[in-house]
Number of protein chains: 2
Amino acid sequence: MGDATTHDLLQTRLDAYMAKKGLRSTGQRRTIASAFFNGPSHITIEELLVRARQEDSRIGYATVYRTLKLFTECGIASEHNFGDGPTRFELADEGDDHHHDHLICLECRSIIEFHDETIETQQEKIAKRLGFEVTSHKHEIYGICANCQSARAKKKR
Amino acid sequence: MGDATTHDLLQTRLDAYMAKKGLRSTGQRRTIASAFFNGPSHITIEELLVRARQEDSRIGYATVYRTLKLFTECGIASEHNFGDGPTRFELADEGDDHHHDHLICLECRSIIEFHDETIETQQEKIAKRLGFEVTSHKHEIYGICANCQSARAKKKR
DNA sequence: GTAATTGCAAATGGTTTGCATGTAA
DNA sequence: TTACATGCAAACCATTTGCAATTAC
């Protein structure tokens, strides 16, 4: 993840989607896409706006919202809300077999990604048993990360 | 779930929490508690307000919010937001071993609960491997329920 | 040329809060 | 009698939308 190949793939998917829908490749969209591809993961609209404005200071709030909605629709971005503040966006997984979920530290708000085939499989089994056709899922584990645990232990001493 | 025993248990936990914090047992709180215990699961603040007002028409919006925050804090309610509209509340599970998660139909918005020990265990394993101390988790599967699938099939015919 | 796109500001929806009044203990 | 609780309206925050001006194709 994060290499040129991934970006190319996602860029291609975006281009295809825009072509199919008759959408236009504008300067703002290109700037926001670049900020999104090159910025940190789990980025917010606000953070993205700051980065995009370094390229083009006239970019507006609503445009970033609209553009990220577009990215999500076409499948190159996925959104998560981890229960505090605003929605965060990340590059989409490249396929079902690459899907990842998150552990979120309630103290420092750091985010760790994990992938677990056992859970994915089990989930499918449950859905099938209940006659459910799965579209997507959200699996978030909240807790205290290793770092914050030792910081706490230190404080107590 | 839903039997008198469960309610008694939760009521006791609520009373204990209020006593400990020096909070008062008011008419509004009793009314809202009763509406929550006897109403449908996955209820919204709005729905709860309507029900509570059948008992006491002067109950305000903010009071229901504040009361359900109290219920959540003391552990008798748990909240979920399934991505559309407002937060929904349900009676808390009675222990870690009873924890359940949700399947949500994107078409009819029905909610199915499931419990899976394999997933719970696997989740713990992942957290431990990453040095994470788990506080809570959220596992939601979104898709199309059996009913809506057959309704779709019928439409196509 | 024309339909898509943008920026802005205003609107929205869910939730929280300040404050004067009411009430449980 | 004195905190705590309540109702109301206003504030808040993230997000969406209407619209006139702009721009890609």
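Lettering follows sequence order; numbering is per chain, from 1. Just the heavy atoms: all of them, side chains too, but no hydrogens, waters or symmetry mates, feed the values below.
At whole-Å resolution of the value, CD1 in A/Ile32 and C1' in C/dG7 are 12 Å apart. When rounded to the nearest whole Å, the span between NZ of B/Lys69 and C1' of C/dG14 equals 14 Å. Whole-Å rounding puts the A/Ile45 CD1 to D/dC13 P distance at 18 Å. The distance between atom CD of B/Glu46 and atom C1' of C/dT16, rounded to the nearest whole Å, is 16 Å. Rounded to whole Å, atom P of C/dT16 lies 11 Å from atom CG of B/Leu68. With rounding to whole Å, B/Asp56 atom CG is found 11 Å from D/dT6 atom C1'. With rounding to whole Å, B/His80 atom NE2 is found 19 Å from C/dG14 atom P. Following rounding to the nearest Å, A/Lys20 (NZ) and C/dA4 (P) show an atom-to-atom distance of 16 Å.
Counting only heavy atoms from C-beta outward, the side chains of A/His80 and A/His102 approach each other to under 4.5 Å. When side chains are defined from C-beta on, A/Ile119 counts as touching B/Ile126, because their heavy atoms get closer than 4.5 Å.
Proximity of B/Gln28 to the phosphate of C/dG22: no side-chain N or O atom is located under 4.0 Å from OP1 or OP2. Proximity of B/Thr63 to the phosphate of D/dG7: a side-chain N or O atom is located under 4.0 Å from OP1 or OP2. Side-chain nitrogen and oxygen atoms of A/Thr87 include none within less than 4.0 Å of the OP1 or OP2 phosphate oxygen of D/dA14. Under 4.0 angstrom from either OP1 or OP2 of C/dT16 there lies no side-chain N or O belonging to B/Tyr65.
Side-chain N/O atoms of B/Glu140 and A/His139 include no donor and acceptor closer than 3.5 Å.
The side chain of B/Thr26 lies closest to D/dT6, out of C/dT6, D/dT6, D/dT2.
Between B/Ala62 and B/Arg58, the one whose closest nucleotide on DNA chain C sits nearer the 5' end is B/Ala62. Both B/Pro86 and B/Ser25 sit near DNA chain C, but only B/Pro86 has its closest nucleotide nearer the 5' end.
Among the heavy atoms of the strands lying under 4.0 Å from B/Ile59 are primed sugar atoms or P, OP1, OP2 only; no base atom is included. Counting any heavy atom pair closer than 4.0 Å across all strands shown, B/Gly27 reaches no nucleic acid atom. Counting non-hydrogen atoms under 4.0 angstrom, B/Arg29 reaches the backbone sugars and phosphates but no base.
Evaluation of atom-type donor-acceptor distances gives no pair under 3.5 Å for the side chain of B/Arg66 against the base of D/dA5. A donor and an acceptor atom never sit less than 3.5 Å apart when one is taken from the side chain of A/Arg24 and the other from the base of D/dC25.
Between A/Phe82 and A/His42, the angle of the ring planes goes over 60°, which puts this pair in the perpendicular group of the 30/60° scheme.
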(message) A/His115 vs A/His100, test: ring pair (Phe, Tyr, Trp, His ring centres under 6.0 Å). Steps then yes/no.
(response) CA-CA 5 Å; A/His115 168 80; A/His100 73 266; 8.8 Å; no
